[in-house]
Each structure stands twice: as structure tokens, then as C-alpha cells.
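Small disclaimer: the values here were computed from a predicted structure and weren't measured. We count ligands from 1, going down the list as the structure has it; atoms in each ligand are counted the same way.
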Amino acid sequence: MEEKILLEIRNFSISFTQYERGLRQKELTVIRDLNVRVRAGELVAVVGSSGSGKSLLAHGILGILPYNSRCEGEILYRGEPLTRRRLKKLRGREIVLVPQSVAYLDPLMKVGRQVRSSRKDAESKNRVKALFRQANLPENTEDKYPFELSGGMARRVLVSTARMGQPNLVIADEPTPGMHLDAAKQTMQAFREMADGGAGVLLITHDLELAVETADRIVVFYAGETLEEEPASAFMQEETLRHPYSKALWRAMPAHGFASAPGSQPYGADRPEGCIYGPRCPEYTCACGAEIPFVPAGEGWVRCLRCVEQGEGGEET
Ligand SMILES: Nc1ncnc2c1ncn2[C@@H]1O[C@H](COP(=O)(O)OP(=O)(O)OP(=O)(O)O)[C@@H](O)[C@H]1O
Ligand SMILES: [Mg+2]
């Protein structure tokens, strides 16, 4: 299994240099010490709320971050660093991004041509038709311009673009908003099929419910940090989850009563000392004010001192 790791993100951080009053510089860390692995044939969902750093993570992997950002840590693809040079060769072919914004579609080009890219042969044209049909897009969608499509339809076109080239690694950034439930489920199923076909899929979403139904593993992301990683089956019951934030997410699922947790996610500049979830955590103790490592626990990983104290932790990363 180990040798089949396609994508490995190790101790990855992203910060922005910002200027306040005149020339005084400030570093704003938005992703901290992130560790994620995606194996061939596996669908890993990163679940986080708005502003937790999901798009930055996707853009960090693809090397398309804004100029004022700084990355630390390592990103390996098939065991080798994913350098700018390698990325340039692989992006759009072996490694594809399904972007969050439908603004990535060219407004002046019919969507069929965009999905085909430079391919003009009849086989490619038929494949676009077949992919659009599978995505439940109406007949002749290939001859439409992006402005003629609804947001949900445009998103399904973006997903079809990723399926066109049969990539090895797919990074999907929020592929389902704006879709009604059936279309969202169908889109998630398209990613499941890509993984079942041997690709590694990193699917970034705020929708835990859809992630639980489709993913193999789920990574819980909060204010730029991974708090827990578990097999998706651990999210079937609250008891099999470890981190208090994962439990709160579970209770907030529609099927479990929509219970909201008090407080809100902190942003870079307001980061508390120690545990990032500390100010909202019902189990907070003064020991949680220290740096909390991400450690193995059972079949997963957790960043919580209390879970480790309870004898579930392992070695520090
Ligand atoms: N260029 C930038 N400079 C400074 N901060 C930024 C920049 N881009 C993003 N951020 C900050 O980084 C954090 C994470 O942003 P990101 O867009 O990755 O969130 P997200 O989880 O994708 O949210 P959403 O679910 O709304 O798409 C936010 O607090 C955002 O304000
Ligand atoms: Mg985003």
C-alpha cells in the first residue's frame, strides 16, 4: 500500500506577508503544519467550513498561490517533490484541478470545446457528449457558452473537464455548491468512479454528509489546521470520533439535529495560543494552551491533548 502513495503533503504551511501602517510587515499564517496523503484508488475528503483554507490548500498543491504567499513543508507526487517544473508538465494532464469558481471557464468559448481542449477528433467530441450525458446535462450543452448555463450546470462542466483526460490525481475544490441534492450526489459519484478507476482524489468540501457517503478517508480541517483524520466509517457515529470539533460537526449534520456549536472559527491574525479549537472546546484545560501535535490514534490521526491523554495517541509526527 505504502508505495502507491500518489500525493503526500508533509508539514505544509502557507502564510501571507501583509503590510500594516507604512512599511511594517506582518506574517499571517493561514495553513499550519498540514499532513495529508492520497493513495491511488482512494478518495480523501478534506472537510472544513468557509475560510478554513480549503482553496489555498488546493492552490498550494497546484502551485497557483498568489504572489504574496509563502509555503513551507513538502509536497511529494509519486515520492518526488512536486517542483514548479514538474507541475508545469503534469498540470492539466496527470494532475487536474476542479476549481471552486465557475469563473475559470472561458466566457467566450463554447463549453464543449473547452472540455475537449485542443482535441478535435470525432472520438473526443463523442466523449464530451458521453460525459455530459453522464452528468445529466441537457442535449447540446456542448454548443452553449458558460453564460447560458446555470451555476450547477457550469460546475458539472468543470467536473467533466477533469474526467476528459483520465488524470492520475484529481484535486476538486468544492465541486457541489449550487447543485440540488441529486446532482450533488451524482457529482460525488463521478469522483468515486475516478478513484475506483485508479486515480487518487482529494476532494475539498464543506459538506460532511456527502463526504461520509463517498470518501474513503475524511480529514477535518479547521482554521488552517487538520484536527482529525479518520476512515469515513468513523463518521457514522459520534462515539467513533475523537476530536471535540469533529463531534460538533457530526452533531451539526442535518440527520443528527443541526446542532450548532457556540463561537466561530478564528482567522489567521486572531489565532489563539495552543489548541486552535480551545476557545470553543467544552473539554478545554490549561494544558491545551501548549502546542498540540498531530498524532496517530487508532486507524486515524488527531490533534487533541485530551484524546492523547485518554491513551489513544501514539508517537508525535
Ligand atoms: N491573498 C490572500 N491574502 C491574505 N489572506 C488570504 C488570501 N487569500 C485567502 N486568504 C485568507 O485565507 C483564509 C482561507 O481562505 P480560503 O479561500 O482558502 O478559504 P476556503 O476554506 O476555501 O473558504 P470557502 O469555503 O469560502 O471557499 C481566509 O481567511 C482568507 O481570508
Ligand atoms: Mg474555497
Side-chain angles (χ1 to χ4, degrees), residues 7 9 12-21 23-36 38 44-73 75 96-105 151-152 154-155 158-159 161-162 170-179 184 187-188 191 201-212 214-215 218-229 243 245-246 248-249 252-253 260-261 263-272 276-277 279-280 303:
L7 177 73
I9 304 173
F12 188 64
S13 301
I14 300 176
S15 49
F16 287 98
T17 307
Q18 290 194 327
Y19 289 90
E20 9 168 66
R21 275 200 225 123
L23 290 174
R24 187 138 41 103
Q25 280 189 6
K26 202 177 71 176
E27 282 283 291
L28 185 73
T29 302
V30 284
I31 290 188
R32 256 174 129 249
D33 189 29
L34 184 122
N35 290 276
V36 176
V38 182
V44 178
V46 173
V47 177
S49 56
S50 185
S52 57
K54 302 184 301 295
S55 292
L56 290 175
L57 167 62
H59 295 180
I61 298 167
L62 272 293
I64 51 170
L65 285 169
Y67 73 95
N68 63 331
S69 62
R70 198 165 61 85
C71 300
E72 275 176 60
I75 299 183
V96 299
L97 171 71
V98 179
Q100 178 170 15
S101 169
V102 293
Y104 280 74
L105 288 170
R155 231 169 255 291
L158 287 173
V159 176
T161 310
V170 181
I171 315 287
D173 186 4
E174 292 274 14
T176 57
M179 292 184 189
T187 299
M188 294 297 269
F191 289 107
V201 181
L202 185 70
L203 193 141
I204 295 170
T205 178
H206 69 272
D207 196 322
L208 180 58
E209 204 174 4
L210 286 178
V212 171
T214 329
I218 294 182
V219 177
V220 175
F221 202 41
Y222 180 76
E225 291 189 18
T226 42
L227 297 187
E228 181 162 5
E229 178 186 323
H243 200 288
Y245 178 59
S246 311
L249 277 183
M253 285 165 78
S260 64
S264 58
Q265 175 180 252
Y267 287 93
D270 315 319
R271 193 187 186 285
I276 188 105
Y277 191 61
R280 300 174 74 184
R303 193 186 295 277

Which part of S69 is near ligand 1, with near meaning a heavy atom under 4.0 Å away: side chain, backbone, both or neither? neither

Within-shell test, G51 vs ligand 1, heavy atom, strictly < 4.0 Å: yes

Considering only residues two or more places apart or on different chains, which pairs with a residue in residues 51-61 satisfy salt bridge (charged side-chain N to carboxylate O under 4.0 Å, His left out)? K54-E174

Partner of Y222 under side-chain hydrogen bond (donor to acceptor under 3.5 Å, both in side chains), picked from Q265, H243, R280, E228, is R280

Would you check whether F16 has a nitrogen or oxygen atom less than 3.5 angstrom from a nitrogen or oxygen atom of ligand 1? no

Distance from Y245 atom OH to S49 atom OG, nearest 0.5 Å? 4.0 Å

H206 and ligand 1 - part of the residue with a heavy-atom distance under 4.0 Å: neither

Any donor-acceptor N or O pair under 3.5 Å, side chains E27, S15: yes

Can you name the atoms of ligand 1, numbered from 1 with element, that are less than 4.0 Å from a heavy atom of P66? 1 (N)

Per-atom contacts, ligand 1 versus E174 - under 4.0 Å to a heavy atom: 25 (O)

Cut-off under 2.8 Å, centre the Mg ion (ligand 2), protein N/O/S atoms: S55 OG, Q100 OE1

Considering all protein heavy atoms, does one lie under 4.0 Å from atom 5 (N) of ligand 1? yes

To which protein heavy atom is atom 16 (P) of ligand 1 closest, and what is the distance rounded to 0.1 Å? G53 CA, 3.9 Å

What residue and atom, counting heavy atoms only, is the protein's closest point to atom 9 (C) of ligand 1, and at what distance? L56 CD1, 3.8 Å

Quick test: of every protein heavy atom, which one is nearest to atom 29 (O) of ligand 1, and how far off is it to 0.1 Å? Y267 CD2, 3.2 Å

Between S55 and ligand 1, find which residue part has any heavy-atom pair under 4.0 Å and reply side chain, backbone, both or neither. both

Heteroatom distance test (S50, ligand 1): nitrogen or oxygen, under 3.5 angstrom: yes

Using a 4.0 Å cut-off to any heavy atom of S49, which atoms of ligand 1 qualify? 21 (O)

Among all the protein's non-hydrogen atoms, which is closest to atom 27 (O) of ligand 1, and how far away is it? Q100 NE2, 2.8 Å

What protein heavy atom sits nearest atom 25 (O) of ligand 1, and how far off is it? K54 NZ, 2.7 Å

Say whether Q18, considering both its backbone and side-chain N or O atoms, lies within less than 3.5 Å of an N or O atom on ligand 1. no

Within-cut-off N or O pair, V30 and ligand 1, under 3.5 Å: no

Side-chain H-bond candidate by donor/acceptor type, D173 with S55, under 3.5 Å: yes

